[in-house]
Amino acid sequence: MAHAVSPASAADTPKRTDGADLVIELGVGGQVQPRYPGARDLLFAPYPIISMSYLRLPGLFELGGGPKTAFTIGPSFRVIGERDPADEPGLAGTRKLDATYEAGIKAAYEFNFDPIYGAEVIGEVRGAFGEASGVVGTVGADVIARPMPMLELRLGPRANLASSDYVGTYFSVSPDESVASGGRLDAYDANGGLYSVGLKASARYEFKPTWFLNANAGYERFVGDAKDSPIVSSVGDANQFTVGLGLSKQFTLDLFRD
């Protein structure tokens with residue numbers, strides 16, 4: 001249910017932007033995540049790592065690359081697998097849900113207090129299509145520690161929000177579904193807004209210049225209408241966990257000749 005886009009470290013950026021116009025990072029990883037929102041079962045899914053930590057348009061503007069602060073921006077993706085009542089006896093009577101695809105943007109701003117400690121604020125917004133439609137987003141913040149030059153650790157809270165049409169797809173139970181379930185699932189209308197809060201941790205190790213090993217783990221707990229849904233309270237689990245591992249490489253490009 002989660003995704004990962006790992007921004008480049010601001011502490012590493014200044015020494016790599018000399019004479020460059022663009023610093024991007026590309027990679028791929030795999031993650032163990034809930035099969036669908038509220039599921040107890042887990043599945044393995046791949047995810048991309050894409051971020052931009054520095055951009056310079058000569059005579060116009062410069063983003064990122066400073067020794068004290070750094071702005072990163074990149075795409076944000078998430079894929080939610082299908083929900084098939086045939087795979088979960090407790091969902092008998094509910095309709096099958098196909099996969100949902102989410103695409104949008106992630107931006108972060110990092111503050112470095114010294115070479116070891118820093119902090120970052122993060123925001124993501126995505127549009128959903130496929131089975132579910134609507135808008136989803138995440139806001140959060142991290143504390144950052146770099147106990148050695150090649151290792152960066154992050155830990156911070158997350159809050160996830162979504163529109164009513166999106167939340168309703170996964171957490172509502174229609175009257176017809178309630179009847180089809182034999183009354184085991186009460187009819188329920190879930191509204192949008194804040195639907196989960198959690199904590200995310202990550203570790204990033206530069207094992208050779210411009211090559212990174214990225215590890216992440218997350219905990220998410222449903223709140224509000226999502227937590228009270230029969231899909232969660234009677235069948236699934238309000239506590240959701242993810243663990244991922246990925247490999248990425250940073251590229252420094254000289255696009256313009258001054």
Side-chain angles (χ1 to χ4, degrees), residues 1-8 25 29 31 33-39 45 47-53 63-64 70-81 83 97-111 119-144 154-172 189-202 214 216-229 231-232 236 238-242 244 246:
M1 194 169 74
H3 68 286
V5 177
S6 183
E25 188 169 334
Q31 183 164 268
Q33 62 188 48
R35 185 175 297 275
Y36 57 83
Y47 66 83
I49 300 173
I50 307 172
S51 69
M52 182 191 75
S53 58
L63 296 176
F71 175 76
T72 60
I73 189 170
S76 176
F77 305 104
R78 184 166 71 164
V79 178
I80 298 177
R83 191 181 81 188
L97 302 181
D98 293 329
T100 293
Y101 305 92
E102 301 173 14
I105 192 169
K106 173 180 179 178
Y109 197 80
E110 185 175 311
F111 307 83
E120 185 177 56
V121 292
I122 302 160
E124 300 178 51
V125 62
R126 298 181 300 278
F129 59 96
E131 181 63 53
S133 61
V135 179
V136 294
T138 300
V139 293
D142 283 338
V143 293
I144 305 169
R154 294 171 177 257
L155 177 67
R158 298 290 188 273
N160 300 296
L161 305 95
S163 57
S164 291
D165 46 355
Y166 182 94
V167 174
T169 299
Y170 290 103
F171 301 105
S172 290
D189 185 18
N191 294 313
L194 179 67
Y195 73 90
S196 75
V197 295
L199 193 66
K200 185 174 182 180
S202 65
N214 304 279
N216 69 83
Y219 166 72
E220 179 183 7
R221 181 171 175 81
F222 293 125
V223 298
D225 282 10
K227 176 179 176 294
D228 295 335
S229 167
I231 301 296
V232 174
N239 301 298
Q240 308 274 279
F241 299 90
T242 59

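Quick note: numbers below take in every heavy atom, side chains included, and nothing from hydrogens, waters or symmetry partners.
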Next item on the list: State whether Glu124 and Arg78 are salt-bridged, where the test is any N-O pair (Lys NZ or Arg NE/NH1/NH2 against Asp/Glu carboxylate O) under 4.0 Å.
Entry: no
Margin query: Going by salt bridge (charged side-chain N to carboxylate O under 4.0 Å, His left out), name the residues that satisfy it together with Asp225, two or more places apart in sequence or in a different chain.
Written below: none
Checklist line | Test side-chain hydrogen bond (donor to acceptor under 3.5 Å, both in side chains) applied to Tyr219 - qualifying residues, sequence neighbours left out | finding: Asn239
Next item on the list: Please list, chain by chain and in numerical order, all residues satisfying side-chain contact (heavy atoms from CB on, under 4.5 Å) with Val125, sequence neighbours excluded.
Entry: Ile105, Val135
Next item on the list: Please report the closest heavy-atom contact between Tyr195 and Ala226, naming both atoms and the distance.
Entry: O-CB, 3.8 Å
Next item on the list: Among residues two or more places apart or on two chains, list those pairs meeting salt bridge (charged side-chain N to carboxylate O under 4.0 Å, His left out) that have a residue in residues 155-166.
Entry: Asp142-Arg158
Note to self: When you compare the side chains of Thr242 and Gln31, does any donor N or O come within less than 3.5 Å of an acceptor on the partner?
What the structure shows: no
Next item on the list: Give a yes or no on whether the backbone of Ala39 and the side-chain of Gln240 come within a donor-acceptor separation of less than 3.5 Å.
Entry: yes
Note to self: For a quick test of reading the model, state the closest non-hydrogen atom pair linking Val167 to Ala190 and the distance between them.
What the structure shows: CG1-CB, 3.8 Å
Check: Can you name the one residue among Met52, Glu120, Glu25 that meets side chain to side chain contact (heavy atoms under 4.5 Å, CB included) with Thr72?
Finding: Glu120
Margin query: If I compare all heavy atoms of Tyr36 with all of Gly81, which pair ends up nearest, and what's the gap?
Written below: CB-O, 4.2 Å
Checklist line | Listed partners of Thr100 passing side-chain contact (heavy atoms from CB on, under 4.5 Å), at least two apart | finding: Ile80, Glu102, Ala128, Glu131, Ala132, Tyr166, Tyr170
Next item on the list: Using the six-membered ring wherever Trp is involved, compare the ring planes of Phe71 and Tyr109 and label them parallel, tilted or perpendicular (cut-offs 30° and 60°).
Entry: tilted
Next item on the list: Apply the test side chain to side chain contact (heavy atoms under 4.5 Å, CB included) to residues Tyr101 and Phe77: give CA-CA distance (whole Å), side-chain angles for both, the deciding distance (0.1 Å), then the verdict.
Entry: CA-CA 8 Å; Tyr101 305 92; Phe77 305 104; over 6 Å; no
Margin query: Going by side chain to side chain contact (heavy atoms under 4.5 Å, CB included), Ser202 matches just one of Asn216, Asn214, Ile144, Leu155. Which one?
Written below: Asn216
Margin query: More than 12 heavy atoms of other residues, nucleotides or ligands under 6.0 Å from CZ of Phe241: yes or no?
Written below: yes
Check: Is any side-chain heavy atom of Lys227 closer than 4.5 Å to a side-chain heavy atom of Arg221?
Finding: yes
Item checked: Nearest non-hydrogen partners of Ser172 and Ile231, listed with the distance -> O-CG1, 4.5 Å
Item checked: Where Gly134 and Ser163 come nearest, the two heavy atoms and their spacing -> CA-OG, 3.3 Å
Note to self: Consider side chain to side chain contact (heavy atoms under 4.5 Å, CB included). Of Val223, Thr138, Val136, which one does Asn160 pass it with?
What the structure shows: Thr138
Check: Of all heavy-atom pairs between Ala108 and Ile122, which one has the smallest distance, and what is that distance?
Finding: CB-CG1, 4.1 Å
